[in-house]
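Notes follow once the structure below has been shown.
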Amino acid sequence: MRQPLNRNLVSALSRQTHLSFVQTEAHNHIQRLRNCSDFVSAASLHSKVLKSGLLAHTFTANHLLNCYVRLRRIDHARNLFDEISEPNIVSWTSLISGYVDVGRPGIALCMFGKMPGCSVMPNEFTFATVIKACSIFSDLRTGKEIHARLEVFGFRVNLVVCSSLVDMYGKCNDVDGARRVFDLMGCRNVVSWTSMITAYAQNARGDEALQLFREFSHLMSDRPNHFMLASIVSACSSLGRLVSGKVAHGAVIRGGHDLSDVVASALVDMYAKCGCLDYSDKIFRRIRYPSVVPYTSMIVGAAKFGLGKLSLELFSEMIDRGIKPNDVTFVGVLHACSHSGLVDEGLEHLKSMFDKHGILPSTKHYTCVVDMLGRTGRLDEAYQLAKSIQADQNFGALLWGTLLSASRLHGRVDIAVEASKQLIDSNQQVAGAYVALSNTYILAGEWDKAHNLRSEMKRNQVRKEPGCSWIEIQDSSYVFYAGDVSSCAQGTEVVNLLRELESRMKERGYVGGSNGLVFVDVEEEAKGEILGLHSERLALAFGLINTPKGGTVRIMKNLRMCTDCHEAFKLISAIVERDFVVRDVNRFHHFKNGFCICGDFW
DNA sequence: ATAGGGTTAG
């Protein structure tokens, strides 16, 4: 009677022992898989797991799967996934996320589509992953579909899912859609705030990005991290806001994020766009292993300062250090050649793009070259080049617009007419094309044609939006419309100041031209010199000027809209009379690590 | 238990 019981007990005990042995073995494998950081060990663990029969154990198999995903061996991950007899939601999500990580969001979405057929239900992890795939793809339609589905599943309140939704709408240029999700979130963290701030910053709504950052700083006790600060600095760049940029730089230093390469890259760009190339250089030189991004920022920054030679030096330095340039880098290099009149070097670089670096020049590169040829008067070559390019819709208008302004500059009515036709056909900047062509006719003394064109514009109800410029004073922007001095409260005073400034600058050697800008470094370490620069190359830069009271002032120009120095003077005058009577900027400044940064405004 | 979100240059 006792035998069977004993036998049962023994067999139960041995089952227990076996089970715990298996568990221990599985546990050991999992520990090793967790720490595994190279492919050879992963493969060896794979065979051990296979031999021990633990691959049938989905949990263990998932660990192995994630190991391959971490090592970016997506094909190995895929093969393993196909061998798992009962893949669960974690197996699916891991593989989908692996495809997203290696930049194949299409396959990720495709797999997601196959899930219902395999009776696996997506969860919040899966949704967060596939939404990221949509944002990489900029696929708003699919993104919205998935958004609708997850609402049905009840993941609308999940923090991570919502953050990735905010990001997805932002990356798809639907900023208001992003804001709607953000506003409905029940709880938010640094990531969700960063997603929303970035959505603004990347969609030319920098003011709102800064506003939201202020709200974050007031409402949340969390400190901004390097993700958020990189976005904020970038918002300041696109706004040309030096003071806000310095405030952000202060926050970067205080938070100990000045060693982050990404933040440093953003700062390099910000200082360059705000007219302080010295600071860009200082920050750039502190980056131990600069990637292609900060190099490109410096190259573009120097190019916009008219320092073409410096751009080209940076470019060859980068090549010498074995850093691979990309298409953006070449936009900067060609831009540098164009703005410094280095035509032969420019053509050489265009050729080397594909020959040496395997990058196929695109419309934007050819546009730089057309600009380069056009500026130096080689208009026939520029025209031939423009005609030979199969320009895509978006960049075609820029190409012909570039040729148009060059023909106008050199009085080539014939080419101006052709370029305008192309521009009008492209259905973009139509009003600008009409105005530019009419101005070309006027320049060439063909008044009748100019008049006819203006009548045609009226008949077709083509209206040119008035051009505007803006300046930043402290943390406020002031907008001025072209040719309208009265839009500024003290119009007459401004005009008087303008005249005074103009004559003072002439005394210092300024040569008036159609594209001049005042350009002065006003930082404490380089005080006082007003440089009268008259080259076209400054048309793409920002101006700085010392004021009678010794303060720091800077101007920013809307470069496409107004290109004459008159407009620049108008802005400077406005700053002089508005800012320095009222405020003392220097009060907020302090020095840290050799930088003059600002105190907290938010 | 294993899987998920945000950053820089044109």
Side-chain angles (χ1 to χ4, degrees), chain A residues 23 26-27 30 33-34 57-67 69-70 77 87-98 100-101 122-133 135 155 158-168 170-171 178 188-199 201-202 224-235 237-238 257 260-270 272-273 280 283-284 287 290-301 303-304 325-335 362 364-365 367-368 395 398:
Chain A
Q23 273 174 350
H27 183 78
I30 285 162
L33 283 167
R34 269 213 184 102
H57 190 210
T58 304
F59 180 70
T60 314
N62 284 346
H63 273 283
L64 184 58
L65 180 64
N66 276 304
C67 195
V69 165
R70 236 186 7 254
N88 61 14
I89 183 59
V90 179
S91 329
W92 279 85
T93 308
S94 303
L95 188 61
I96 291 176
S97 134
V100 174
D101 284 349
N123 63 14
E124 62 268 44
F125 288 80
T126 327
F127 277 116
T129 309
V130 290
I131 293 161
K132 187 180 172 183
S135 71
F155 296 123
N158 182 276
L159 176 68
V160 179
V161 170
C162 287
S163 301
S164 59
L165 275 175
V166 170
D167 176 64
M168 183 276 293
K171 295 280 193 316
R188 304 183 186 111
N189 63 7
V190 183
V191 179
S192 26
W193 282 86
T194 304
S195 301
M196 194 58 229
I197 287 172
T198 307
Q202 292 179 341
N225 60 17
H226 66 285
F227 286 91
M228 188 180 272
L229 288 166
S231 242
I232 285 302
V233 171
S234 152
S237 313
S238 55
H257 298 296
S260 151
D261 283 5
V262 174
V263 174
S265 300
L267 285 168
V268 166
D269 180 57
M270 185 275 290
K273 290 211 173 94
S280 296
I283 294 187
F284 177 70
I287 304 174
S291 71
V292 62
V293 177
Y295 259 111
T296 303
S297 294
M298 280 305 294
I299 289 168
V300 171
K304 290 189 173 170
N326 59 23
D327 56 326
V328 187
T329 317
F330 276 101
V331 171
V333 167
L334 294 171
H335 205 80
S362 69
K364 52 189 192 262
H365 299 106
T367 302
C368 287
F395 294 101
L398 194 60

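Lettering follows sequence order; numbering is per chain, from 1. Worth saying up front: this structure is predicted, and the values here are computed from it rather than measured. When reading the values below, keep in mind they use all heavy atoms of this one structure, side chains included, and skip hydrogens, waters and symmetry mates.
- With sequence neighbours left out, the side chain to side chain contact (heavy atoms under 4.5 Å, CB included) criterion links A:Thr60 to A:Ala26, A:Ile30, A:Val49, A:Leu54, A:His57.
- Ring geometry, A:Phe155 versus A:Phe127: the interplanar angle falls from 30° to 60°, so the pair is classed tilted.
- Looking at A:Ser195, A:Ser192, A:Cys162 one by one, the single match for side chain to side chain contact (heavy atoms under 4.5 Å, CB included) with A:Asp167 turns out to be A:Ser195.
- Taking the six-membered ring where the residue is Trp, A:His257 and A:His226 present tilted rings, their angle falling between 30° and 60°.
- In this entry the distance linking CZ of A:Phe59 with C1' of B:dA3 reads 11 Å, nearest Å.
- In this structure, the CD1 atom of A:Ile131 is 19 Å from the P atom of B:dA3, given to the nearest Å.
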Quiz item: Could you run down nucleotides 5-10 of chain B 5' to 3' and tag each one B, S or - for protein heavy-atom contact under 4.0 Å?
Solution: BBBBBB
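- Applying the side chain to side chain donor-acceptor pair (under 3.5 Å) test between A:Asn88 and each of A:Thr58, A:Thr93, A:Asn62 identifies A:Asn62 as the sole match.
- Distance A:Phe125 CZ to B:dA1 P: 12 Å, rounded to the nearest Å.
- Side-chain atoms of A:Asn123 come within donor-acceptor range of the base of B:dA3, with a qualifying N/O pair under 3.5 Å.
- Residues A:Met228 and A:Val190 are in side-chain contact: their nearest non-hydrogen atoms beyond the backbone lie under 4.5 Å apart.
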